[in-house]
Amino acid sequence: MQAGATTQGLSDKSVVSPPPSAPQSPQCIGVPREVFPGEKRVATVPEVVEKLIKLGFKVAVESGAGELANCSDESYRAAGAEVLGTAAALWAAADIVFKVRGPTPDEVALMHEGQTLISFIWPAQNPDLMQLLAARKVNVLAIDALPRTLSRAQKMDALTSQAGVAGYRAVIEAANAFGRFFSGQITAAGKVPPAKVFIAGAGVAGLAAIGTAASLGAIVRANDTRAEVADQVVSLGGEFVKVDYVEEGSGGGGYAKVMSEGFQQAQRAMYAKQAKDVDIIITTALIPGKPAPKLITAEMVQSMKPGSVIVDMAAEQGGNCELTEPGQAVVRHGVTIVGYTDLVSRLARQSSTLYGTNLFRLTEELCKTKDGIVNVNMEDEAIRGLTVIKEGNITWPPPAPKVAPAPPAAAKPAAPVAKKGKGHGEPSAPMPAGKLVIMFAVVAALFWLIGNSAPKEFMSHFTVFVLACFVGYMVVWNVKPALHTPLMSVTNAISSIIAIGALVQISPLMDAAERPNSLITWIAAVAIALTAINMFGGFAVTQRMLAMFRK
């Protein structure tokens, strides 16, 4: 009988309250060995095992699961995990299973009711696998279905972490196949020009490739259908190459969308031009749920210089190059075309560490009580997006994300009658001619009154004061804010006034025949020393701040 069911025919007196349920024991997280051909990653590493145990979980690892990622069974035992000898024993003991690749039919057969699986699933591309898992009445969380638009989901975003590794490795593979240096060099034997690298697609993988190629000294160019990534390309040391066609290319969830035929024709013309000029092309273009778009044609490959390299990161989904052979590196028309589908696995330890950390962050969200029991909360937008099967029921695709209501429009303020002057670095409205004439007349009258009644000593000091203000303004205030903060500009302008005034006080009292003995002289000397520290120190600090942003 299910909890909450009632039994008809029983009187109220016969209903007995059930005894309090015993506290649940901590659940066991199982990490099996990956069986997909060529897969070297493991779903967690010993460093992450220690963190999972601190959350209250027990951890079991299949023997040899981390061998290809340089994680020995002994290291897992030292971290507190139990090492089981067979896959059957592991699947039977685990309440929660961490995997990298989706399970095979043989692995699905080892699952038991109520078990929770967390791995890459790709539910849109694997409907048959979804049906097999649903029949086992399990819970399935697809790490690839994480809503990437949520800011708090970034720590769990395995797609981003793995794409970054793949982008880095793509450049390393290109450098291995390329016959020259990446950086330009001048040697006794002659000048070596820098390699020219073009990257199609500036997503996470593309940006990682841009940063890596630029750090190796190559001339890097990149293109993407999303115009907003241009600044990111430039910030990493690349040049953004625009397509001569205006169309917005942003799709949902941070991905690109399928572009119009007109845009694609203009894009192909740009790619054909780049293919003739560059030495290396790295393609990263993918659209979820669709075959990889063909960006590099056979004619473009034939137009490339002999010895050039193409690394097709979309090879597993068919490839962006017409001549790509998935899983292989081939030479066509003198161009090496690298179509490896295991770029991430070629850095198995690094990618496993990042993936294991992503799963640990997800586990923290599933077990906020830190008692070793997961709670798949379907009210949580991030967890709801991840959950593709709940207790045997297919819950994918998730409902549309909730859109926060727009804040009420603020009342439009009335236009000010007179606009006040703005701060440093901001343009102010020009003063009307009439007011300007009146202001100059008042200032001139004020100066005439002061000059007519003030003693000669005061006028000399007043003249120096006005000149000091002018010099301070022209020398310091006009420095561009990008090179010198407005606050430092103001303080240094004041310091210049103090310095000039102190010099005026010292100069009449300094005599070669005698040492100064006036109190004012000593105060002026201290003022000069302090203002010098302030002025030169301010510029030194600014220089150090600017150096932080230089490569």
Side-chain angles (χ1 to χ4, degrees), residues 38 122 125 163 166-167 169-179 195-206 208-210 213 218 220-226 241-245 247 249 251 255-344 346:
W122 304 106
Q125 289 83 12
R169 185 68 192 196
V171 176
I172 301 303
E173 293 294 339
N176 180 60
F178 189 51
K196 296 179 181 179
V197 180
F198 178 74
I199 296 173
V204 176
I210 292 168
V220 184
R221 304 167 187 166
N223 169 261
D224 196 279
T225 58
R226 297 160 294 183
V241 182
K242 295 182 179 180
V243 176
D244 191 16
Y245 194 98
E247 182 177 349
Y255 294 97
K257 69 176 184 180
V258 179
M259 306 302 288
S260 67
E261 181 59 32
F263 182 92
Q264 293 182 29
Q265 289 181 0
Q267 187 182 52
R268 283 192 290 269
M270 183 268 290
Y271 284 159
K273 181 179 179 181
Q274 292 296 325
K276 296 177 182 178
D277 184 46
V278 301
D279 304 298
I280 297 169
I281 296 178
I282 298 176
T283 64
T284 70
L286 278 176
I287 299 174
K290 298 182 180 293
K294 300 300 181 184
L295 304 178
I296 309 299
T297 63
E299 291 77 11
M300 295 180 194
V301 176
Q302 192 170 3
S303 69
M304 296 181 72
K305 293 175 285 189
S308 298
V309 178
I310 297 174
V311 180
D312 194 340
M313 296 183 63
E316 194 167 358
Q317 281 74 40
N320 295 136
C321 178
E322 288 183 348
L323 302 181
T324 296
E325 294 187 16
Q328 300 181 40
V330 298
V331 179
R332 299 288 184 268
H333 307 294
V335 177
T336 302
I337 304 174
V338 179
Y340 296 147
T341 58
D342 60 345
L343 290 173
V344 182
R346 289 171 179 256

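Computed from a predicted model, the values in this text were never measured in an experiment.
Interatomic distance, CD of Q125 versus CD of Q317, reported as 8.0 Å (0.5 Å rounding). Here L323 contributes atom CG and I337 contributes atom CD1; the two are 4.5 Å apart, rounded to the nearest 0.5 Å. Of the inter-residue distances, the one linking N223 atom CG with I199 atom CD1 reads 11.5 Å to the nearest 0.5 angstrom. How far CD of Q265 is from CG of D244: 13.0 Å, rounded to the nearest 0.5 Å. R169 contributes atom CZ, which lies 8.0 Å from atom CG of N176 (distance to the nearest 0.5 angstrom). Atoms CD1 and CZ, on I210 and R221 in that order, are 13.0 Å from each other to the nearest 0.5 Å.
Looking only at distances, a side-chain donor or acceptor of N320 sits under 3.5 Å from a matching main-chain atom of A285. At distances below 3.5 Å, at least one donor-acceptor pair connects side-chain atoms of K294 with backbone N or O atoms of G318. T284 contributes a side-chain N or O that, together with a main-chain N or O of A200, makes up a donor-acceptor pair within less than 3.5 Å.
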If you apply the rule side chain to side chain contact (heavy atoms under 4.5 Å, CB included), what do you find for M313 with I282, and how did you get there? CA-CA 7 Å; M313 296 183 63; I282 298 176; 4.0 Å; yes
Check step by step if side chain to side chain contact (heavy atoms under 4.5 Å, CB included) holds for R268 and E299. CA-CA 11 Å; R268 283 192 290 269; E299 291 77 11; over 6 Å; no
Residue pair T225, Q267: steps toward the side chain to side chain contact (heavy atoms under 4.5 Å, CB included) verdict: CA-CA 9 Å; T225 58; Q267 187 182 52; 3.9 Å; yes
Please test M300 against E322 for side chain to side chain contact (heavy atoms under 4.5 Å, CB included), starting from the C-alpha separation and ending with a verdict. CA-CA 10 Å; M300 295 180 194; E322 288 183 348; over 6 Å; no
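Across every non-hydrogen atom of A314 and L286, the tightest pair is CB-CD2, 3.8 Å. For the residue pair V344 and A166, the shortest heavy atom distance occurs at CG2-CB, 3.7 Å. Annotation for A174 and V311: closest pair CB-CG2, 3.7 Å, computed over non-hydrogen atoms. What you find for A315 and P326 is that their closest heavy atoms are O-CG, 3.5 Å. Minimum heavy-atom separation, Y340 to A329: OH-CB, 3.6 Å. Of all non-hydrogen atoms in C321 and D312, the two that sit nearest each other are N-OD2, 3.0 Å.
Remark: K305 NZ is packed, more than 12 non-hydrogen atoms of other residues, nucleotides or ligands lying under 6.0 Å away.
The shortest distance between side-chain heavy atoms of R346 and I172 does not fall below 4.5 Å.
The stretch residues 262-320 participates, sequence neighbours left out, in these ring pair (Phe, Tyr, Trp, His ring centres under 6.0 Å) pairs: F198-Y271.
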